[in-house]
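The structure appears right after this line, and notes come after that.
Keep in mind that the numbers below use all heavy atoms, side chains included, and drop hydrogens, waters and symmetry copies. These numbers come from a predicted model, not from an experiment. Within every chain, numbering begins at 1; the chains are lettered A, B, ... in the order of the sequence lines, protein sequences first and strands thereafter.
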Amino acid sequence: MAEEKLENEALKGLNPEQKMAVLTTLGPVLIVAGAGAGKTKTITHRILHLIKEGVAPSQILAITFTNKAAKEMRERITHLLTENRALNFPVAHTEVPFVSTFHSLGVYLLKENCQLLGLPRHFSIFDKSDSLRLIKEILKELDINPKQFEPSKILNIISREKSDLTTVENFSGQATKNAYSLAGVTAKVWRLYEDKKRAEKALDFDDLLLQSYLLLKKYPEILVYYQKRWLYLHVDEYQDTNKVQYMLTRLLAEKNRTICVVGDIDQNIYSWRGADIGNLLNFEKDYPEAKIIKLEQNYRSTQTIIAAANEVIKKNKMRLEKNLFTKKEEGKKITVFEAGNEIEEARYLAREAKRLQAEEKVKLSEIAVLYRANFQSRVIEEAMIAESVPYQLLGTKFFERKEVKDILSFLRAALNPDSLTDLKRIINVPARGLGKVTILKVFSGQRADLPPLVKQKVDSFFNLLVEIKNKIEKEKPTEVIKFIITGSGLEKELMDGTEEDKEDLENMKELATLAHKYNHLPLGEGIEKLLEEASLQSDQDELKETEEAVKLMTVHSAKGLEFDYVFITGLEEDLFPHQKLGAQRIGQAEEEEERRLFYVALTRAREKLYLSYAEIRTIFGSQIFNSRSRFFADIDENLLEKEEQFEFREKIIYLDI
DNA sequence: CTATTCTCGCTTTTT
DNA sequence: GCGAGAATAG
């Protein structure tokens with residue numbers, strides 16, 4: 001019986017030979033699978049099989065694309081292990097496979113070897129806005145016009161180069177040509193950026209991967225250590241790996257060659273971030289002895305949905321031939337709704353969701369609304385509120401909220417006194433009467449020369465940080481955060497402020513609540529984990545997972561998820577497929593990536609799809625007329641039905657301001 | 001030197 | 001229609 005439960009859906013579709021290959025091949029395995037074929041499940045199954053065969057869980061490493069996926073996989077493995085204890089698994093229950101994202105793995109590797117790298121254990125992790133602020137500062141120092149050389153563009157180049165394993169040194173070497181070109185400026189800025197970052201004892205997102213790679217490359221004995229430690233490697237969403245991730249994987253796998261990767265080139269939607277499908281296509285070259293397994297049966301969607309998805313993706317030229325099939329029923333037709341504008345579109349979604357719940361007894365949590373760009377969520381939220389449909393917005397980063405970042409900065413600054421970025425952020429939070437000039441003086445070591453009154457204020461701020469540090473060593477994370485809120489005077493300030501202030505305070509308290517789950521860890525370690533989770537943008541949404549609500553998210557963040565009912569919105573030219581403002585027609589490669597993205601969106605649905613678009617959309621406050629997306633032409637008319645319920649076509653009343 | 005008001009430019013997608 | 005920097009008032 002228990003054996004039966006171990007059997008997973010994905011493997012049922014394989015012929016016995018393939019099944020054996022997945023489970024028993026210890027050498028390299030490449031699983032090429034379509035959407036909904038059970039890629040992640042297959043990895044999970046293989047891991048369990050290894051354990052069953054006597055492999056210690058601690059010798060297994062699995063890399064997933066998101067933290068959420070990692071968490072789910074860990075839970076599933078733990079669950080199945082407990083369930084199958086009766087089968088006499090040779091497992092000590094303290095042992096768990098190491099399941100994480102590449103970035104978490106990076107943090108882990110760098111922390112374990114921090115002394116060697118000259119880093120403190122509590123190194124800060126820069127997010128994009130931290131990096132951007134630093135680059136702006138550098139441009140100012142260099143007296144470079146940020147309009148001529150945009151900070152975000154410079155950061156993008158640096159980030160892409162780092163993902164491609166280019167270090168500052170290499171880049172400066174290449175880009176000596178013209179000091180006034182973008183490359184020249186970038187080289188100069190990048191150098192300073194690295195220096196300042198190092199002085200702050202901080203790493204940025206790309207460093208987590210690049211530095212990990214360089215560590216293993218530079219110290220062969222360390223590499224050997226990890227190769228011995230993780231004998232069995234698994235990588236999910238292999239098509240989305242970039243060069244650093246690929247090289248890191250290769251280093252860890254090249255000796256044992258017991259690597260199993262899973263991917264689908266039709267779902268490569270991160271090439272803008274350096275993801276290279278070549279990594280997947282070249283797997284056979286890297287590991288000539290590799291077994292290749294194709295999974296084409298989809299266990300998720302109805303025939304209608306699969307037919308539409310197949311038709312869409314077939315239009316792409318840069319792909320391997322693959323045809324998904326399903327044994328599920330034909331299913332409902334795809335509903336197309338043409339809205340006059342985005343408000344009407346949003347109202348339709350909200351009402352239809354409400355109708356589905358009332359008339360078809362659909363759980364709201366089984367309904368997802370997908371869109372191309374985050375700004376589209378606003379109108380949808382407003383409609384959900386107006387129609388009083390409970391919703392949950394995914395992807396709004398709780399940790400990116402200003403007030404939450406402030407609290408986190410207090411923690412970071414207390415632990416890492418070198419972190420100028422954090423100090424600058426909070427030295428005047430709440431307003432202590434310390435402005436730009438004072439801050440400049442404080443950080444250029446002129447603290448003693450300040451006017452007495454100002455000096456007193458500055459000193460009390462630094463005393464607060466010391467107090468926080470003491471609390472971290474003595475109290476549980478929840479208590480530390482509560483102390484920051486009260487001790488800093490933020491509570492007093494915000495309590496009798498505006499409605500918005502009170503909301504900010506609520507979010508800060510929410511952080512204290514969230515920190516609760518780290519309370520059981522040894523003192524100090526909890527805060528460390530909290531900061532790590534915050535920097536790596538792990539999902540905090542799970543907190544409200546139980547809530548019965550429609551889920552709103554971008555197509556990108558819907559990857560790997562599935563829902564019974566899926567609305568794909570904003571299907572207009574220039575929006576989906578997206579086209580940068582003012583750019584010329586999108587090229588072949590871009591169009592194909594957008595099409596893959598659309599394919600990902602389509603294949604999220606189990607039961608039914610809704611496609612909608614607006615004839616007029618307000619962007620930046622001005623009205624844009626758009627024609628419907630070219631992707632409609634890819635889908636057979638017979639699979640579609642038009643929404644003709646004109647009750648939704650009410651006149652929209654425009655408020656004059 | 002700091003606090004407040006004002007204006008301009010902006011938006012893919014994310015670990 | 002918002003949020004970060006500049007201009008201006010205190």
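With distances taken from any side-chain atom of A:Lys441 to the nucleotides B:dT13, B:dC1, B:dT11, the minimum falls on B:dC1. Comparing B:dT13, B:dT2, B:dT11 by their nearest atom to the side chain of A:His556 picks out B:dT13. Checked against B:dT14, C:dA6, B:dC1, the side chain of A:Arg273 finds its nearest nucleotide in B:dT14. Residue A:Asn67 has its side chain nearest to B:dT15 when only B:dT13, B:dC1, B:dT15 are considered. For A:Asn428, the side-chain atoms get nearest to B:dA3 when compared with the rest of B:dA3, B:dC1, B:dT14. Each of B:dC1, B:dT13, C:dC2 was ranked by its minimum atom distance to the side chain of A:Val437; first place goes to B:dC1.
In terms of phosphate contacts, A:Asn374 brings no side-chain nitrogen or oxygen within less than 4.0 Å of OP1 or OP2 of B:dT12. Contact check, A:Lys136 against C:dG5: a side-chain N or O comes under 4.0 Å of OP1 or OP2. In terms of phosphate contacts, A:Thr66 brings no side-chain nitrogen or oxygen within less than 4.0 Å of OP1 or OP2 of B:dT14. Listed pair A:Asn242 / B:dT15 fails the phosphate criterion, with no side-chain N or O lying under 4.0 Å from OP1 or OP2.
Here the closest non-hydrogen pair linking A:Leu233 and A:Leu61 is CD1-CD2, 3.2 Å.
The separation between A:Leu132 atom CG and B:dC10 atom C1' is 13 Å, rounded to whole Å. Between the NZ atom of A:Lys147 and the P atom of C:dA4 there is a distance of 17 Å, given to the nearest Å. In this structure, the CZ atom of A:Arg617 is 15 Å from the P atom of C:dG1, given to the nearest Å. Rounded to an integer number of Å, the gap from A:Leu248 CG to B:dT15 P is 19 Å.
By the 6.0 Å and 45° rule, A:Lys551 does not stack over the aromatic ring of A:Phe563. The side-chain tip of A:Lys197 points at the ring of A:Tyr193 from less than 6.0 angstrom away and within 45° of straight on.
A:Phe102 comes within 4.0 angstrom of nothing in the nucleic acid, heavy atoms only. Residue contacts for A:Ser557: at a heavy-atom cut-off of 4.0 Å it reaches the sugar-phosphate backbone alone, with no base atom in range. At a threshold of 4.0 angstrom between heavy atoms, the contacts of A:Ser104 with the nucleic acid are absent. A:Leu434 comes within 4.0 angstrom of sugar-phosphate atoms only, judged by non-hydrogen atoms across all strands, and of no base.
By the 5.5 angstrom centroid cut-off and the 30-degree plane limit, A:His578 is classified as stacked against the base of B:dT12. In this structure, A:Tyr270 does not pack face-to-face on the six-membered ring of B:dT14, missing the 5.5 Å centre cutoff or the 30° plane limit.
Nucleotides of DNA chain B nearest to A:Glu150 and A:Ala373 differ in position, and the one nearer the 5' end is that of A:Glu150. Residues A:Arg378 and A:Lys402 each lie close to DNA chain C; by heavy-atom proximity, the contact nearer the 5' end of the strand is made by A:Arg378. Looking at which nucleotide of DNA chain B each of A:Asn156 and A:Ser152 is closest to, the 5′-most match is held by A:Ser152.
When ring centroids are compared, A:Phe598 and A:Phe576 come within the 6.0 Å threshold. If you look at A:Phe632 and A:Tyr613, their ring centroids are closer than 6.0 Å.
Of the possible polar contacts, none joining the A:Thr241 side chain to the A:Glu237 backbone as a donor-acceptor pair under 3.5 Å is found.
Pair assignment for C:dA9: B:dT2, on the basis of Watson-Crick or G-U wobble contacts that are both within less than 3.5 Å.
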